[in-house]
Structure formats: C-alpha cells, structure tokens
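Structure, as structure tokens:
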Amino acid sequence: MIDAVPDVSPLALPSETGPAELEAMLRAAQLAARAGGGVVVDCSAAPFLATSAVQVLLALQRACRAREQAFALVGVSEPAAAYLRLAGLAGLLDA
C-alpha cells in the first residue's frame, strides 16, 4: 500500500530499536527526506516505541516539514500511540 503512493519514500521502523538499527533508520530517513516527496514510516513491526526511536521520528518529521514534504506514521500499535499521546506527541500520529 505504501509503495503505491507516488513520490513518497516508505521506511519501516525495525522491531529492534537498538543503536545500530536506529542509526541505519536515521540514515535512510535523511536520504528519503532529501529525495523529496515525503516519507511514510511503517511502525507495524515495533510493538512499542523506545524514546530513541521517537527522537528519530521527530527529527524526520521536522526535516519533512522544513522541506514542505509529507510525513506520516502507519501501523502504530495502540500502546505506542498511547505513549505518544501521553508524551504530548500526538502530532506525530496526525502528521
């Protein structure tokens, strides 16, 4: 479904969100944001969002907004969505 959206780079948040995985995700996100067209991040493999993963997502959202590109999260689990809402980051869900 995500791949069918033109000019949008699909990214997948890994189920493991250790430093190496997040570094790879950040590099891919930076390349996607520079490519233009926007970014959609599939979070379905991550049952929860570690703080470091949320920081990467916030940085990506800001980069997309600065370039007036689309940004969206899909497949966010209810516990992860609740965490974002409690942390005052519901805007990530509505992006």
For the residue pair A53 and L13, what are the closest heavy atoms and their distance? CB-CD1, 4.4 Å

L57 versus F71, closest heavy-atom pair with distance: O-CZ, 3.8 Å

Do you know which two heavy atoms are closest between L49 and V54, and how far apart they sit? CB-CG2, 3.8 Å

Pairs involving residues 47-58, ordered by first then second residue, that meet salt bridge (charged side-chain N to carboxylate O under 4.0 Å, His left out) (sequence neighbours left out): none

How would you list all residue pairs meeting side-chain hydrogen bond (donor to acceptor under 3.5 Å, both in side chains) that involve residues 70-84, not counting sequence neighbours? T51-Y83, E78-R85

Do V41 and V74 touch side chain to side chain, with heavy atoms closer than 4.5 Å? no

Can you give me the closest heavy-atom contact between A81 and V76, atom names plus distance? N-CG1, 3.6 Å

Rounded to the nearest 0.5 Å, what's the gap from CD on Q55 to CG on L89? Could you check? 10.0 Å

Listing, residues 18-27 side-chain donor-acceptor contacts under 3.5 Å, not counting sequence neighbours, or none:
from, atom 1, to, atom 2, distance (Å)
E21, OE1, G18, N, 3.0
E23, OE2, R27, NH1, 2.9

Across all chains, not counting sequence neighbours, the side chain to side chain donor-acceptor pair (under 3.5 Å) partners of S52 are none

Any idea which heavy atoms bring C43 and L73 closest together, and the distance? SG-CD2, 4.0 Å

Set of side-chain contact (heavy atoms from CB on, under 4.5 Å) partners for R62, sequence neighbours left out: L58

Least distance between heavy atoms, A70 atom then C64 atom: O-SG, 3.8 Å

Hydrophobic cluster identity match, F48 and L11, side-chain contacts under 4.5 Å: no

